[in-house]
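Within every chain, numbering begins at 1; the chains are lettered A, B, ... in the order of the sequence lines, protein sequences first and strands thereafter. Computation of the quantities below employed the complete heavy-atom set of this structure, encompassing side-chain atoms and omitting hydrogens, waters and symmetry-equivalent molecules.
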Protein chains: 2
Amino acid sequence: MRADAKRNRDRIIESAREVFREQGYEASLDEVAKRAGVGAGTLYRHFPARENLVDAIMQTWVDRVAEATDKVLAFEGGERDLLLHWFETYVALISLHKGGPAKITCAMGDPDSPILSKCQVLSDASQRVADLLLERGALRADVDAVQICRLVGGVATVADDATLDASAVRPLLEVVADGLLVPV
Amino acid sequence: MRADAKRNRDRIIESAREVFREQGYEASLDEVAKRAGVGAGTLYRHFPARENLVDAIMQTWVDRVAEATDKVLAFEGGERDLLLHWFETYVALISLHKGGPAKITCAMGDPDSPILSKCQVLSDASQRVADLLLERGALRADVDAVQICRLVGGVATVADDATLDASAVRPLLEVVADGLLVPV
DNA sequence: GGACAATACGGAGACAGTCTCCGTTTAGCA
DNA sequence: TGCTAAACGGAGACTGTCTCCGTATTGTCC
């Protein structure tokens, strides 16, 4: 890649991060281009679809997911608390931007999504948590990580739409957790 | 209301029903106007926002919800089956159109939504089902109808986004049901 | 360091959708 | 029948997406 191309690409990503944070994922891409000081053509050449741009700005997010996952896996406490801790972490991670839960949860079920690889990190993390709980015999044997992602993603989507705060989300997550755990 | 106004209004609603069924809730409103044989101005005078049009279309849906609810309440069988039956009915009712689950679930949490009154019918129905189960001591005492709507709405939203079929949705609903019911 | 591809730029403009404004038409009443 | 309030409709302003293509820049090869 030519030096000027790389420079512009980086500036676009930086501007997008800024604009999306301010206005959400549906912000105008022309605005992003303008703020990056490039023409619309340049933006669309680098990122043919909005999702490609989203994908690019998600790299730092991926690192954050990995870090958070390790923290949850090191959690010392009961199985139910661990699962709930993961759920709350999960919701927090996908709710960083308005519209994030729907976008990410939707992408996980779409094999053609440009951000699929990024979302994979999340489902892998759920898998690791599920494996840990299965090992301890706390999780129902017939559930898989995909289902967990869908359930928690669904709760997060609704919470995002209705702008619920953590205290209103918690009981919903508890219901999901209780439905997933082996009855005591 | 003048006769011509009423006539146009009805034609717009009829066209919208048709267009939305074909193209989803995000279809062009100019297209709706065109198909109704009226100008864009006429459409926007009758329905200032897209949601107002959606609201008008939903009247027959409301009747359908009421009917389905009565059927579920008359269900003879175990509590878990009854709850699951309600969940599946609920998901079916809000998933009649692509994007429906998100739209309806979102509207339930938005006091300013033009379709709020229509959605009320659904939460009232959930309340009735919940009351029945509470009476029989099958439902956890600390859950309310709003939470049920959020949980099932979340599942339906995810299912809609990922275009899951009923067999993939069922296990998710079972998790929610098991989390809501009193452990045996 | 000059020349020449190859690569990239950028913005005008085509296109699509939303929504308004206002001159024209019509219903319904007296 | 004539009048007026109500309603119509579509041109066009506005916003956002995305493409096309003439222009400019980069990096390489001699």
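- A ring-centre distance under 6.0 Å is not found for A:H97 and A:F20.
- Of the possible polar contacts, one joining the A:R17 side chain to the A:I57 backbone as a donor-acceptor pair under 3.5 Å is found.
- With respect to B:R150, the side chain to side chain contact (heavy atoms under 4.5 Å, CB included) criterion is satisfied by exactly one of A:T157, A:V169, A:L164: A:L164.
- In this structure, CG of A:L53 is placed 14 Å from C1' of D:dT17, rounded to the nearest angstrom.
- Within a heavy-atom distance below 4.0 Å of DNA chain D, the residues of residues 26-39 of chain A found are A:A27, A:S28, A:L29, A:D30.
- Residues A:G153 and B:V158 come closest through the heavy atom pair C-CG2, 4.1 Å.
- Rounded to an integer number of Å, the gap from A:R11 CZ to C:dC9 C1' is 13 Å.
- OP1 or OP2 of D:dC8 has at least one side-chain nitrogen or oxygen of B:N8 nearer than 4.0 Å.
- The salt bridge (Lys or Arg N to Asp or Glu O under 4.0 Å) pairs that include a residue from residues 88-99 of chain B are B:E88-B:R170, where partners are two or more places apart or lie in different chains.
- When all heavy atoms are compared, the tightest approach of B:E51 to B:I115 is O-CG2, 3.6 Å.
- The nearest whole Å value for the distance from the CG atom in B:D10 to the C1' atom in D:dA7 is 15 Å.
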>> How would you summarise protein contacts on nucleotides 20-30 of chain C per nucleotide, using B for base, S for sugar-phosphate only and - for none, with heavy-atom distances below 4.0 Å?
In response: B-----BSS--
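- Regarding B:Q23, its CD atom lies at a distance of 13 Å from the P atom of C:dA16, rounded to whole Å.
- Here B:H46 reaches the OP1 or OP2 of D:dC8: one of its side-chain N or O atoms lies under 4.0 Å away.
- Hydrophobic clustering of Ile, Leu, Val, Met, Phe, Trp and Tyr side chains at less than 4.5 Å, counting indirect connections, keeps B:V175 apart from A:V146.
- The two residues A:F47 and A:A56 make their nearest non-hydrogen contact at CE2-CB, 3.8 Å.
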